[in-house]
Amino acid sequence: MNSRGLKAGMIAASALMASALMAAGPVQAAPSPATDTSVAGVVSHAQNESQASLDAYWTADRMKNAKPATAINSGWAAEGRSIMPKAGQESVAKAPKQPVVEPRAVAQTAVPRIGKVFFTQGGQNYVCSGNSVQSGNQSVVATAGHCTHDLATGFVTNFVFVPAYNNGAAPYGKFTARSLVAASEWVSRNDINYDGAFAVMNTLNGRTLSATVGASSIGFNMARGLNYTAYGYPAASPFNGERLYSCTGTATADRIGGTQSQGIPCDMTGGSSGGPWFVGSGSGGMQNSVNSFGYSTQKNVMYGPYFGSSIQAAYSTASSR
């Protein structure tokens, strides 16, 4: 499915992405596209910022005061679309109205493996969510594809993962990325069906991410219609991005936009993108998707991409880096 085909019902992946700090600029310009490498349908991009520069840039005050953006520099955003828009914002999609689903987000205590992702894109700063997953290098964070790459601006920079973020606190520090990895379907056309990506993190204080906070198991090509618990840090009203929330429900097919993604009852908003979906009723299960998008014509439903072979290939590449 290309971006033109998505016009029939897709609300693009922008507001879920995150929180722009309009007054803050990037630490440095984006690395040259020459740092991109492709392996069997997977695209990787090196991150060049130092730990010291990103520690200095992503201060507690800057993270705490991040606000959700209304749009990003993507083809979808240029068409007036946004994911999980603010109350009252109208969708440009021609989909019929769907029944309102009861909101399900519940506040949670911080979980060491789950955290917030901060990055710079197109000269603006954004926030998403992510989760530490098991890998050969013990250094992989699963997040959404749109938290790593956009068609108009390329791969993001200044990428950090803050495990167990809570009201400005970073109890395990800020892990910086050395590489971002996504499926070619996402990088080449930002196909929402493949909105899953992985960041390979540097060590911090001599320890890997997994050794510091643990890691979740991750599964691919699993059955559809499973029961999931999704986690994230929603930042748009009525949330403020300062604590972790979760939603639980049985996944159903996307009958609005016709994507291969699945939806669960959930009212999490911008900032929760990339947060993990666990099979079962808690954070101790196997991760099998991420928060991706929603429709303004279908309130309180969060969609996540099906973790199939393409996203699995991206994970395998990240795990071996």
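Panel note: side chain Y295, backbone G257; a donor-acceptor pair is recorded below 3.5 Å. When atom types are taken as modelled, the side chain of W186 and the backbone of I311 share no donor-acceptor pair closer than 3.5 angstrom. Judged by distance alone, the side chain of S210 and the main-chain N or O of Q138 form a donor-acceptor pair under 3.5 Å. Judged by distance alone, the side chain of E242 and the main-chain N or O of G168 form a donor-acceptor pair under 3.5 Å. A distance-only check finds no donor-acceptor pair linking the side chain of R321 to the backbone of S44 [under 3.5 Å]. Remark: side-chain polar atoms of N137 are paired, donor with acceptor, to backbone N or O of S319 under 3.5 angstrom. Distance alone, capped at 3.5 Å, places no donor-acceptor pair between the D195 side chain and the P305 backbone. Without hydrogens or angle criteria, Q47 side chain to V156 main chain gives a donor-acceptor distance under 3.5 Å. Although no hydrogens or angles enter the test, the distance criterion places a donor-acceptor pair under 3.5 Å between the side chain of D267 and the main chain of A105. S132 places no side-chain N or O within donor-acceptor distance of the main-chain N or O of R113, the cut-off being under 3.5 Å.
Taking CD from Q108 and CG from L244, the interatomic distance works out to 6.5 Å, rounded to the nearest 0.5 Å. Distance OG/S281 to CG/N227: 7.5 Å, rounded to 0.5 Å. Between the CZ atom in F293 and the CE atom in M302 there is a gap of 10.5 Å [rounded to 0.5 Å].
Side-chain contact, D254 with S261: no donor N or O sits under 3.5 Å from an acceptor N or O. No side-chain N or O of N291 forms a donor-acceptor pair with one of S273 less than 3.5 Å apart. With 3.5 Å as the limit, one finds a donor-acceptor pair spanning the side chains of S310 and E185. Judged purely by distance below 3.5 Å, without hydrogens or angles, the side chains of N202 and Q51 never pair a donor atom with an acceptor atom.
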Q: Under the side-chain contact (heavy atoms from CB on, under 4.5 Å) rule, what do Y315 and V133 come out as? Steps first, then yes or no, please.
A: CA-CA 10 Å; Y315 162 76; V133 294; 4.2 Å; yes
Q: Check step by step if side-chain contact (heavy atoms from CB on, under 4.5 Å) holds for T212 and L204.
A: CA-CA 9 Å; T212 304; L204 182 61; 5.8 Å; no
Q.
Go through it in stages, so that I can follow the logic: the residues are R224 and Q260, the test is side-chain contact (heavy atoms from CB on, under 4.5 Å), and I'd like the CA-CA distance, side-chain angles, deciding distance and then a yes or no.
A. CA-CA 10 Å; R224 291 179 175 273; Q260 295 302 304; 3.5 Å; yes
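At a threshold of 4.5 Å between non-hydrogen side-chain atoms, the residues Q287 and N131 count as touching. F161 has its side chain out of reach of T143: every pair of non-hydrogen atoms, C-beta onward, lies at least 4.5 Å apart. Side-chain contact between Y233 and M268: absent, with no pair of heavy atoms (C-beta onward) separated by less than 4.5 Å. Using a 4.5 Å cut-off on side-chain heavy atoms (C-beta onward), Y245 and S272 make no contact. Two residues are said to be in side-chain contact when any heavy atoms from C-beta on lie closer than 4.5 Å; I192 and S292 meet this criterion. Contact of the D150 side chain with the N190 side chain is registered, since non-hydrogen atoms from C-beta on lie closer than 4.5 Å. In this structure, M201 and V141 have side chains that are in contact, with non-hydrogen atoms separated by less than 4.5 Å. Using a 4.5 Å cut-off on side-chain heavy atoms (C-beta onward), C128 and F119 make contact.
Among the candidates T317, V42, I218, the single residue satisfying the side chain to side chain contact (heavy atoms under 4.5 Å, CB included) test with F198 is I218. Of the residues T120, N125, T176, the one that meets the side chain to side chain donor-acceptor pair (under 3.5 Å) test with N158 is T120. Of the options W58, F175, Y57, a ring pair (Phe, Tyr, Trp, His ring centres under 6.0 Å) to F118 is made by W58 and by none of the others.
For N167, the side chain to side chain donor-acceptor pair (under 3.5 Å) test picks out no residue, with sequence neighbours left out. Partners of L226 according to the side chain to side chain contact (heavy atoms under 4.5 Å, CB included) rule, which considers only residues two or more places apart in sequence or in another chain, are M222, A223, Y228, V279, N288.
A continuous path of ILVMFWY side-chain contacts below 4.5 Å connects V117 to V213, so both sit in one hydrophobic cluster. Neither V290 nor L209 shares a network with the other; the hydrophobic side chains, linked directly or stepwise wherever heavy atoms of I, L, V, M, F, W or Y lie under 4.5 Å apart, form separate groups for each. W277 and Y306 sit in two unconnected hydrophobic clusters of ILVMFWY residues. Membership requires side-chain heavy atoms under 4.5 Å apart, directly or through other members.
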